[in-house]
Amino acid sequence: MSREYRGVWVYIERRGGEIVESSLEVLGKARELSDKYGDSVVGVLLGSSGLEKLAETVIQHGADKIYLVEDPILSEYSTIPYSEALARLITMFKPNILLYPATRNGRDLAGRISAKLSLGLSANTVWLDVTNDGILLAGVPGFGGNIMAVTKCLSKPQMATVRPGAFVKLSPDPNRRGSIEKIDVGELPKPRVNIIESVKIEVEDISKAEAIVIAGMGVRDNVELAKKLAEKLGWAFGATRPLSDEGLVPRDIFIGATGKTVRPKIALIVGVSGAAHFISGVAGAEKIISINIDPEAPIHTYSDYSVVGDAYKILPKILEKVG
Amino acid sequence: MHIIVCMKVTPKTEQVKLDPVTKTIIREGVENEINPADKNALEAALQLKDKHGCKVTVIGMGPPIWEPYMKLAVAMGADNAILLSDRAFAGADTLATSKVLATAIRKIGDYHMIFCGEESSDAGTGHVPPSIAEFLGIPQITFVNMVEIIDGRVRARRILEGGYEIVEANPPVLLSIEYGCNTPRFPDFRRKRYVDREFKLTIWGLKDLDLKEEEVGLKGSKSIVEELREMKLGERAREKITGTEDEIAEKILKLIQPYIKK
Ligand SMILES: Cc1cc2nc3c(=O)[nH]c(=O)nc-3n(C[C@H](O)[C@H](O)[C@H](O)COP(=O)(O)OP(=O)(O)OC[C@H]3O[C@@H](n4cnc5c(N)ncnc54)[C@H](O)[C@@H]3O)c2cc1C
């Protein structure tokens with residue numbers, strides 16, 4: 001194996017003083033890949049100050065080493081300074097693999113680095129493996145998740161963004177030890193996009209829900225009905241993207257290729273057609289029950305139990321019976 | 001202001017199948033369309049044109065069969081369209097694609113904004129927008145669902161997990177526009193007639209761009225596809241629940257009973 005490039009790096013995304021959960025999922029997978037071909041896992045954390053505490057958390061979740069870059073310019077994510085800092089780190093230390101969570105900012109950053117350093121990049125991967133000599137194989141879903149392309153990078157570091165929810169994080173081990181190094185990357189360029197306002201919208205994280213009601217455009221005239229049922233059952237509530245595009249439900253509860261991935265024990269899916277871009281987000285559900293008025297709708301094929309019927313009429317009956 | 005919209009043509013997702021033997025995508029009989037998110041990007045640009053009188057140019061890198069789709073964009077309201085087409089461009093990954101698009105944009109020159117769709121419906125990487133911005137050395141605002149021009153500055157709403165940001169930048173700037181953030185218009189009848197009778201699509205090949213053959217297409221790519229696999233999206237038993245609405249509700253209740261939380 002070429003020893004010039006070493007280390008499985010994970011870009012640890014941070015928002016304010018918190019690590020974005022999907023970074024830790026990626027880290028868990030990085031640990032497995034690194035153990036398979038005998039390398040070490042490095043977490044990269046960028047921010048303005050006080051990153052050591054976060055670094056400890058990253059170590060407990062599987063990292064051997066953390067590189068910290070601290071600069072006031074890095075207080076919140078901004079493409080230009082972040083991409084410059086990370087590119088300099090890559091050039092200094094030459095990792096073999098670099099993984100990013102495929103969050104919006106993760107993808108914003110990775111695409112920029114790819115062009116900056118002329119590096120191959122696999123997108124939104126849902127499957128990763130490595131050969132004994134450290135060659136990364138990455139599974140990229142295409143056509144909304146219908147087809148998976150197994151890709152390989154021809155440049156190093158081999159880079160991939162990783163779909164949130166595709167892997168599970170390791171449980172933290174408080175006894176794990178690792179090293180933390182602060183790296184000086186020199187003066188960084190200023191952001192060229194100014195954040196005027198940053199708005200947080202708190203919604204329940206549906207990705208870990210055990211049971212969920214999912215509504216689609218078929219119930220757009222009475223989304224409340226589906227939501228009420230979810231509440232009454234004590235279940236999470238999710239939706240398809242068009243409902244969210246229309247502003248009928250919050251952004252962070254839509255499921256699918258560009259939204260959340262859920263793995264509930266049971267999902268009741270109402271008024272959803274079953275497009276590939278949606279199905280790939282619920283394919284991991286143990287049991288799927290669907291209600292759709294159109295007997296030809298693809299959703300029926302993806303269901304364990306399916307009803308051809310009118311959700312506006314059936315949902316109130318279920319509500320009534322739940323009491 | 002001059003807005004350049006990057007556009008691609010994609011097969012309709014629901015019609016795409018993998019040949020179980022050759023493990024290649026079956027293209028016969030599959031209909032194409034303007035990539036859905038790119039259509040939203042075009043609409044966003046046309047809305048700014050309606051409001052501020054911007055000029056809109058559409059560019060795309062693809063085979064000559066894309067011509068009708070480029071023309072469709074003009075019929076919708078774009079002022080010009082340029083197709084980047086050359087055998088040498090084939091087989092490009094996102095890096096090589098971005099390089100060709102960025103080089104063509106540099107050749108066009110007098111731009112203030114570049115709009116891309118957030119991602120394509122086929123590969124879905126979303127990497128091309130930030131890569132183009134990097135090649136051009138300009139800032140980027142990704143995942144935008146609302147854009148305005150205020151006193152010559154660009155203001156946009158950027159959707160993130162758990163919220164959004166309102167951001168501002170001075171042109172030139174690249175924006176990637178969210179799928180579904182607006183309703184793309186239909187082609188205008190008069191413009192359609194203009195396109196059919198007068199409009200001539202500009203086509204640029206490798207020789208028209210300041211690029212070497214090694215930098216484009218498969219040769220210029222840094223990632224390759226080893227194989228395609230069909231994903232088991234999970235076809236299931238599909239046990240039918242039938243009866244009157246009351247009976248159906250009763251049966252569903254039985255199935256969900258064990259999972260009800262009090
Ligand atoms: C790049 C890209 C990314 C995308 N990402 C996602 C994603 O992450 N998630 C996502 O969900 N979509 C995504 N989409 C959109 C996706 O392709 C589909 O358009 C979408 O999933 C359809 O949503 P729907 O099923 O709610 O609506 P529709 O397709 O309109 O289906 C509504 C269904 O309701 C049924 N219906 C109507 N009335 C009733 C009634 N009274 N009772 C019962 N059923 C009824 C109809 O028969 C129909 O099947 C993406 C698309 C693109 C291009």
Side-chain angles (χ1 to χ4, degrees), chain A residues 79-80 103-104 107-108 111-112 114-116 119-124 142-155 192-201 211 233-234 241-242 245 251-252 265-266 276 279-280 283 289 300-307 309 313-314 317-318 321, chain B residues 13-14 16 18 93-95 98 121-127 129-131 134-135 139-143 159-169 180-181 222-231 233-241 245-246 248-250 252-253 255-256 259-262:
Chain A
T79 314
I80 304 254
T103 53
R104 292 178 166 221
R107 296 166 72 192
D108 183 278
R112 192 94 192 186
S114 163
K116 206 181 264 291
L119 297 172
L121 171 61
S122 301
N124 301 322
F143 301 100
N146 257 330
I147 286 168
M148 182 175 89
V150 178
T151 63
K152 229 179 183 170
C153 290
L154 305 173
S155 47
R192 285 164 69 187
V193 174
N194 294 324
I195 302 175
I196 309 288
E197 197 187 343
S198 184
V199 178
K200 286 210 169 65
I201 300 171
L233 299 173
R241 179 161 176 166
D245 288 338
R251 297 292 306 176
D252 287 287
K265 294 206 167 73
I266 188 160
I279 291 294
S280 53
I289 307 172
H300 297 298
T301 324
Y302 301 109
S303 306
D304 299 283
Y305 300 93
S306 90
V307 176
K313 297 204 175 121
I314 298 167
K317 296 256 188 245
I318 303 177
K321 289 176 196 292
Chain B
T13 311
E14 323 303 349
V16 173
L18 200 65
D93 68 353
T94 55
L95 187 69
S98 310
S121 64
D122 51 359
T125 70
H127 292 161
S131 291
E134 170 64 28
F135 281 130
Q140 71 200 39
I141 309 173
T142 47
F143 308 109
I159 305 295
L160 293 171
E161 297 84 4
Y164 64 88
E165 291 172 346
I166 305 289
V167 300
E168 264 189 17
C181 71
K222 294 289 172 67
S223 60
I224 49 164
V225 174
E226 290 266 298
E227 62 170 306
L228 295 178
R229 294 184 191 169
E230 188 149 19
M231 291 287 271
L233 276 184
E235 303 215 346
R236 296 169 187 244
R238 192 188 178 168
E239 193 171 312
K240 292 193 178 97
I241 301 177
E245 272 134 21
D246 203 63
I248 288 172
E250 196 61 50
I252 290 178
L253 188 66
L255 289 169
I256 65 178
Y259 305 93
I260 298 177
K261 284 187 217 142
K262 277 288 170 279

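Remember, predicted model here, so these are calculated numbers, not experimental data. Chain identifiers are assigned alphabetically (A, B, ...) following the order of the sequence lines, protein sequences preceding nucleic acid strands; residue numbering begins at 1 within each chain. Only this structure's heavy atoms are used, side chains among them; waters, hydrogens and symmetry mates stay out.
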Using heavy-atom distances under 4.5 Å, tell me whether [X] contacts chain B through its side chain, its backbone, both, or neither.
X        : result
A:Asn124 : side chain
A:Arg107 : both
A:Thr79  : side chain
A:Ile289 : side chain

[X] and [Y]: which non-hydrogen atoms are nearest, and at how many Å?
X        : Y        : answer
A:Val193 : B:Val167 : CG1-CB, 3.5 Å
B:Thr13  : A:Phe143 : CG2-O, 3.2 Å
A:Arg192 : B:Pro139 : NH2-CD, 3.4 Å
A:Ala115 : B:Ser131 : CB-O, 3.5 Å

Does any heavy atom of chain A fall under 4.5 Å from the side chain of [X], the backbone, both, or neither of them?
X        : answer
B:Gln140 : both
B:Ile159 : both
B:Ser98  : neither

Inter-residue atom distance [X].[atom1] - [Y].[atom2], 0.5 Å rounding:
X        : Y        : atom1 : atom2 : value
A:Ile314 : B:Asp246 : CD1   : CG    : 10.5 Å
B:Ile256 : A:Tyr305 : CD1   : OH    : 13.0 Å
B:Lys240 : A:Ser306 : NZ    : OG    : 7.0 Å
A:Lys321 : B:Glu250 : NZ    : CD    : 4.0 Å
A:Met148 : B:Glu227 : CE    : CD    : 7.5 Å
B:Cys181 : A:Asp245 : SG    : CG    : 8.0 Å

Checklist entry - More than 12 heavy atoms of other residues, nucleotides or ligands under 6.0 Å from NZ of A:Lys116: is that the case? => result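 Yes.
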Checklist entry - How far apart are the C-alpha atoms of A:Ser303 and B:Arg236, what are their side-chain angles, what is the distance that settles it, and do they pass the side-chain contact (heavy atoms from CB on, under 4.5 Å) test? => result CA-CA 5 Å; A:Ser303 306; B:Arg236 296 169 187 244; 5.6 Å; no
If you count heavy-atom pairs under 4.5 Å between each of [options] and chain B, which one has the most?
options                                : result
A:Asp252, A:Ile195, A:Val199           : A:Val199
A:Val307, A:Thr301, A:Val150, A:Ile318 : A:Val150
A:Ser122, A:Gly145, A:Gly144           : A:Gly145
A:Pro242, A:Ala149, A:Gly142           : A:Ala149

Checklist entry - Looking only at atom types and distance, does a side-chain atom of B:Glu134 sit under 3.5 Å from a main-chain N or O of A:Gly111, one as donor and one as acceptor? => result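 Not at all, since once roles are kept as given, no pair shorter than 3.5 Å links the two residues.
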Next on the checklist: Out of B:Gly162, B:Ala237, B:Ala169, return the one with the most heavy atom pairs under 4.5 angstrom to chain A.
Outcome noted: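 Looking at each option in turn, the highest pair count goes to B:Gly162.
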Checklist entry - Can you find a pair of side-chain heavy atoms, one from B:Lys222 and one from A:Leu119, that are under 4.5 Å apart? => result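 Side-chain contact under 4.5 Å: no.
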